[in-house]
Amino acid sequence: MSGKKNLPGLVKIDPWLEPYAEAIADRKSRYEKELARICAQYGSLEAYATAHEELGIHFEKSSQEWVYREWAPRAEALSLTGDFCDWSRDAYPMTRLEEGIWEVRLPANVLEHGGLVKVQVAGANGAHDRIPAYIRRLVQDEETHAFSGQVWAPEEEYKWRNDLPTLDAPRIYEAHVGMATEENRVGTYREFADDVLPRISRLGYNVVQLMAIAEHPYYGSFGYHVANFFAPAARCGTPEDLKYLIDTAHGLGFAVLMDVVHSHSVKNFSEGLAALDGEEGLYFHHHEHPQWDSRLFDYGRPEVSRFLLSNLAYWLKEFRFDGFRFDGVTSMLYHHHGNITFDHYDRYFLDGVEWDGVTYLQLANKLIHEIRPEALSIAEDMSGMPGLCRTLDEGGMGFDYRLAMGIPDHWIKLLKHTPDEEWNLDEIYHTLSNRREGEKTIAYAESHDQALVGDKTLAFWLMDAAMYHHMQVRDADPVVERGIALHKIFRLFTLAVGGEGYLNFMGNEFGHPEWVDFPREGNGWSFQYARRQWSLADNEDLKYGQLERFDAAMLELARAHSLLSSAPAKLLNLDQKNLCVQFERGGLVFAINLNPTESVSDYSFPLDAEGDYRLVLSSDEKKFGGHDRTDSSVAYPVVEGKLMIYLPCRTILVFVADD
């Protein structure tokens, strides 16, 4: 590529990418060519993303008929069946149209709201009853456990009550509706809206990220083995109940993100999309995901790309989601699905890149921001793909944020393998602050991944069995004392240094004990570990509430001082001998002492400022489970370019200039 003027914008920002300028220009060109093809054929990308309005089951007002269409190009015959025809496979045969589309039209009085349906597909693999690909709702028979599609056409549409929210830097509460109840059962959308959202609002989060929304046959998959991409999970309620949840969230000022799974799909034949026209290779590649026991989308096939893009448009428009957290982006970006070490830039541009997946994600981000310019798009990528969160014009991929996946792994590794007194502060600070310049990051100390059975939450790594016996406020157990102190430090340290957004998984804000394990044969189909024990945080005699109060205080600090919107943190002092570190961000000065036993009197560190500072947050306050060794009533003057404080062991303090 000749001349600096022709370099992609991404390369101009990061000169280290210049050897890959041609590959970056090529990925931009692929995206632009596919977008041009779409616009030439459909008029716009948004018009293209309407397959769900053409396919599936709809009532056509102009003709007063029900119309059902399905894409099944290699099928020999299709027939709509259901309880409306006593499950006859012959009563309503479908007609083949152009481009592999099949259609059947039915009088208005044949189908009704709530009726059960399937489509029988005859093809190379025989004749089988299947679920329509664009079905809007499924139900499961309590006796046979078989799933059927359900006609969903309520007489009255949901009436939205609240405007869409405006959003500052995201403070995300990651939640699973089904396990958000304290009872031993599946929670509902309406219970979450009425009982859990007000709680999250009081804590100071401004985004709710909902897991397991699209229908998935196995509850224990955490929602990541999706079968029916246009159907909200029925075990939590109706589509209108989900709309009520989102509407209520908007009324409380929350944006609502959907954890969308376009990286793979369940391989279940009866419920899913596999071989829907009678042969493999329709929606999916012929091979399966090597780790996830699931099917892989063929992003290069226009009908598949349109299916997935229409899915995004559907959730944005029909349910008013405010954006998406894209699961498994690394798997979408590479043919090897990320199962290598990303130790060289070649890995991002030359070795095993799934260019069709890249183009799909670029189109997805273009579409999302065309429909809702203020929508959020977050990538779960562990590879560190350059340009993931840069603009499409620059040769980037158009995401707004990426998840800082290395941070929680580092905290867990530290607790598992290194004694407290040997913690390397330089390594910790580097892990928290190391991210690509100009690409915004969502930082988190732990997410649902760390809570799953087989792993442990931070609280459980820190306190383990002591949580069962020593969480009373008056109990001074040393294991719990250490755990409470470090839990607070890890979370605020992560929030302050780790990114431009922050995420917490439901319940971890108060150190929810134990792990997450959904009902399954191996645990006797128990809900014991698939629920949230909110009463622990509400019990004034227990220490869980102290952690929750600190979580709310640190979020209010971040909000009041626009911390996450500020420039990256500036390191002021790193003192390995005393295990102390100080840094500045957004006008706030943070001082941390990770020493297990040694507090430091008259501790001074450089600060390029003048005047007095005041203490605005101390993890050592008694209401946060501390020992009240700090004083917020006095002024802390900067003398000769240094701030002098008392820095107790295992404490994080935050100072601000006294106006």
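Along the sequence shown, residues carry numbers from 1. Small disclaimer: the values here were computed from a predicted structure and weren't measured.
- Side-chain contact check for D538 versus R199: some heavy-atom pair is nearer than 4.5 Å.
- Considering all non-hydrogen atoms of both residues, S565 and A169 come closest at OG-CB, 3.6 Å.
- Judged by distance alone, with hydrogens and angles left aside, the side-chain atoms of H216 form a donor-acceptor pair with the main-chain N or O of A214 at under 3.5 Å.
- Listed by first and then second residue, the ring pair (Phe, Tyr, Trp, His ring centres under 6.0 Å) pairs involving residues 167-213 are Y173-Y205, H176-Y219, H176-F222, H176-F518 (not counting sequence neighbours).
- Side-chain N or O atoms of S619 include none that pairs as donor or acceptor with a backbone N or O of T651 at under 3.5 Å.
- Taking the six-membered ring where the residue is Trp, F583 and Y429 present tilted rings, their angle falling between 30° and 60°.
- Taking 4.0 Å as the cut-off between side-chain N and carboxylate O, R185 and E191 count as a salt-bridged pair.
- Look at R171 and D551 and you find no salt bridge, because none of the NZ, NE, NH1 or NH2 atoms lies under 4.0 Å from a carboxylate O.
- The side chain to side chain contact (heavy atoms under 4.5 Å, CB included) with L376 is formed by just one residue from the set L167, D322, I442; it is L167.
- No side-chain heavy atom of I213 sits under 4.5 Å from any side-chain heavy atom of F319.
- Closest of all the heavy-atom pairs between R614 and A657 is NE-O, 4.4 Å.
- The side chain to side chain donor-acceptor pair (under 3.5 Å) with Q582 is formed by just one residue from the set D575, N573, N593; it is N573.
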**Study point:** Trace of the side chain to side chain donor-acceptor pair (under 3.5 Å) decision for N504 with R491
**Key:** CA-CA 9 Å; N504 165 67; R491 295 169 72 81; 2.7 Å; yes
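- Remark: the backbone N or O of C389 is not paired with any side-chain donor or acceptor of R402 at under 3.5 angstrom.
- The backbone N or O of K623 lies less than 3.5 Å from a partner atom in the side chain of R549, making a donor-acceptor pair.
- Residues R325 and D327 form a side-chain contact, since some pair of their non-hydrogen atoms from C-beta on lies under 4.5 Å apart.
- By the 30° and 60° cut-offs, the orientation of the rings of W292 relative to H264 is tilted.
- With a 4.5 Å cut-off on side-chain heavy atoms, Q576 and D426 do not count as touching.
- In this structure a side-chain-to-backbone donor-acceptor pair under 3.5 Å is missing from R650 to I489.
- The nearest pair of heavy atoms linking Y636 to D631 is OH-O, 2.6 Å.
- Ion pair E640/K642 not flagged as a salt bridge, since none of the NZ, NE, NH1 or NH2 atoms sits closer than 4.0 Å to an Asp/Glu carboxylate oxygen.
- For the pair I378/D400, no side-chain contact is recorded, criterion being any heavy-atom separation below 4.5 Å from C-beta on.
- A 4.5 Å side-chain heavy-atom check between Y544 and P513 finds at least one atom pair inside the cut-off.
- Nearest approach of T630 to P648, heavy atoms of both residues: CG2-CG, 3.7 Å.
- The shortest non-hydrogen separation linking L503 to Q209 is CD1-OE1, 3.9 Å.
- Without hydrogens or angle criteria, E374 side chain to T166 main chain gives no donor-acceptor distance under 3.5 Å.
- Looking only at atom types and distance, the side chain of T238 has a donor-acceptor partner in the side chain of D241 under 3.5 Å away.
- Ion pairing of R202 with E548 is absent here, as no side-chain N (NZ or NE/NH1/NH2) approaches a carboxylate O to less than 4.0 Å.
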**Study point:** Derivation and outcome, side chain to side chain donor-acceptor pair (under 3.5 Å), residues D381 and S383
**Key:** CA-CA 6 Å; D381 169 46; S383 74; 2.8 Å; yes
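- K243 places none of its side-chain heavy atoms less than 4.5 Å from the side chain of I246.
- Using a 4.5 Å heavy-atom cutoff, the side chains of R532 and V516 are in contact.
- The existence of a salt bridge linking E500 and R435 is confirmed by a sub-4.0 Å separation between a basic side-chain nitrogen and an acidic carboxylate oxygen.
- Shown are E621, K622, E481; of these, the side chain to side chain donor-acceptor pair (under 3.5 Å) with H627 is made only by E481.
- For R629 and Y646, the positive end is not near the middle of the six-membered ring at less than 6.0 Å and at most 45° from its axis.
- Between the side chain of N162 and the main chain of A249, no donor-acceptor pair closer than 3.5 Å is present.
- A salt bridge is absent between D475 and K543; no separation between the charged side-chain nitrogens and carboxylate oxygens falls under 4.0 Å.
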